[in-house]
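Keep in mind that this is a model prediction, so the values were computed, not measured. In what follows, every chain begins at residue 1, and chains take the letters A, B, ... in the order their sequences are listed.
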Number of protein chains: 2
Amino acid sequence: MTPRSVQPAPTGAATRRRDAANTRRLLLEAARQRFAYDGYAATTVRDIADDAGVNVALINRYFSSKEGLFAACLEGVEEELRRTGGTPLGEVPDAIAGQLAGSAGDATKQILLLLLRSSGDERVDQIRLGVLRAYAERLASAAGWRPGEPDEAQLLLRAQLILCASAGIVILRASGLQPLASASGADLTPPLRDLVDAMLSAERK
Amino acid sequence: MTPRSVQPAPTGAATRRRDAANTRRLLLEAARQRFAYDGYAATTVRDIADDAGVNVALINRYFSSKEGLFAACLEGVEEELRRTGGTPLGEVPDAIAGQLAGSAGDATKQILLLLLRSSGDERVDQIRLGVLRAYAERLASAAGWRPGEPDEAQLLLRAQLILCASAGIVILRASGLQPLASASGADLTPPLRDLVDAMLSAERK
DNA sequence: CGTTCAAGTAATCACATGTTTACTTGTTCG
DNA sequence: CGAACAAGTAAACATGTGATTACTTGAACG
């Protein structure tokens, strides 16, 4: 597959020629990128090592295996995504727009892509489902949903539709669909506000 | 990977022990299923052949290669998806709900999944982008959008958000997120109507 | 029946991939 | 310095995978 060197500035610190921590970081970043855009199965350890500019064997040294490296990429996913959860309903559209289109949190977007695109693996399915469920329930809670009240199952479904839209945005942006792909957070906020309102506002017919 | 035999009724016709057309069909169905749920790279030709209950070599006989089989799965995708495009705005929610949750059109859903999940391949990226773009433009047109009018770029973006939601529904349903995963078309239509209205109705603030 | 050819099969090939091994080289600290 | 150890490297290994080959078997037709 096409090579893509990923060797961002080592941020200060005189570049030592042998730096285990830095090598680990390079591998993690390259892996996250590859896994997110090409998927787990289509990515080879040699691709990753080449991108990172590092010897292949070091993947097994630092992460035991390809799967270990993948697991390391997933580390901290849940907490990272949990951050958007606590926001009050009014700020949700802004938060989503910022997280999906903002210049910051590039890693977050990659992990989201990775999570959504990876399939077949039991473990990933589990993590994905957990993240999605928690996210949707928090969203629904902000709109008055309480677990166990069957009357409000509709509300949970509607919260999950917001999630669907978010997931779709991540994927379709990665697909390069214009103008969505190059829309800024500010561009996305108004439509998202309408969308969230339509799904969760109490005063709907 | 786990085996899943896929051998639906040969619909009438006394089962001949040697039937090229039927074998081709079995291979196509097994392949579509595997590619959709496991992704292209994670699927092996032996998996497919086993699911279809057919000798591996026949894949190469009938489709030249694994890639050829994949291409055959994609055959007719565009036209198949185009069908929802022509519907008037009012019926769009129903159409989407039916196509994503209806019992019919199982192949359509599989192909959508396949299209959304497959990544890295140039050809697939091209097809996916084309389908998405056409779909969004038709949706936007129904709401009054005309190509080239920069004022109405917002409308196209909003139409694409409907697409995002649709794509998200397909993927999250496949992930087993409840209650979304088991929601019927009738369950989905009302929220989708609100969503489409919020995105495309002219009389919004 | 028996010829003929498509349909199907098992064995094998060539190669890519994840991993391991034996080795070399840089860094640290006495 | 120089011993000791971690970091890094190149080569090889074992296996899984897509594809090919030489072969067998069933169906169609005179």
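- Nearest nucleotide to the side chain of A:Ala20, out of C:dT19, D:dA7, C:dA7: D:dA7.
- Between the C1' atom of C:dA16 and the CD1 atom of A:Ile48 lies a distance of 15 Å, rounded to the nearest Å.
- Summarising the geometry, the separation between NZ on A:Lys66 and C1' on D:dG16 is reported as 13 Å, rounded to the nearest angstrom.
- The C1' atoms of five pairs define one axis at each end of the helix from C:dC1-D:dG30 to C:dG30-D:dC1, and these two axes lie 10° apart (to 10°).
- Atom P of nucleotide C:dA22 and atom CG of A:Leu58 are separated by 18 Å, given to the nearest angstrom.
- With B:Arg158 contributing its side chain and B:Ala198 its backbone, the two residues share a donor-acceptor pair below 3.5 Å.
- Of the possible polar contacts, none joining the A:Arg133 side chain to the B:Leu177 backbone as a donor-acceptor pair under 3.5 Å is found.
- Between the B:Lys109 side chain and the B:Ala174 main chain, no donor and acceptor come within less than 3.5 Å of each other.
- In this model, the phosphate group of D:dG8 is approached by a side-chain N or O of A:Thr23 to a distance below 4.0 Å at OP1 or OP2.
- Within the structure, no pair that satisfies the salt bridge (charged side-chain N to carboxylate O under 4.0 Å, His left out) test touches residues 160-172 of chain B, not counting sequence neighbours.
- Note: A:Leu139 CG to A:Gln160 CD = 10.0 Å, rounded to the nearest 0.5 Å.
- By the 6.0 Å and 45° rule, B:Lys66 does not stack over the aromatic ring of B:Phe35.
- Here the C1' atom of nucleotide C:dA16 and the CG atom of A:Asp50 are 14 Å apart, to the nearest Å.
- In this structure, B:Arg193 pairs ionically with B:Asp94, as a charged nitrogen and a carboxylate oxygen lie closer than 4.0 Å.
- Note: CG (A:Asp19) to C1' (D:dG8) measures 13 Å, nearest angstrom.
- For the atom pair CZ of B:Phe70 and CG of B:Leu114, the computed distance is 4.5 Å after rounding to the nearest 0.5 Å.
- Between A:Tyr62 and A:Arg46, the one whose closest nucleotide on DNA chain D sits nearer the 5' end is A:Tyr62.
- Atom C1' of nucleotide C:dG8 and atom CG of B:Leu27 are separated by 12 Å, given to the nearest angstrom.
- Distance, B:Asn22 CG to D:dG26 C1': 16 Å, rounded to whole Å.
- Distance, B:Leu69 CG to D:dG18 C1': 12 Å, rounded to whole Å.
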Table of protein N/O atoms under 3.5 Å from nucleotides 20-25 of chain D N/O atoms:
{"residue": "D:dT25", "atom": "O2", "partner": "B:Arg18", "partner atom": "NH1", "Å": "2.4"}
{"residue": "D:dT25", "atom": "O2", "partner": "B:Arg18", "partner atom": "NH2", "Å": "2.8"}

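- Annotation: the span from A:Ile169 atom CD1 to B:Leu163 atom CG amounts to 11.5 Å, rounded to 0.5 Å.
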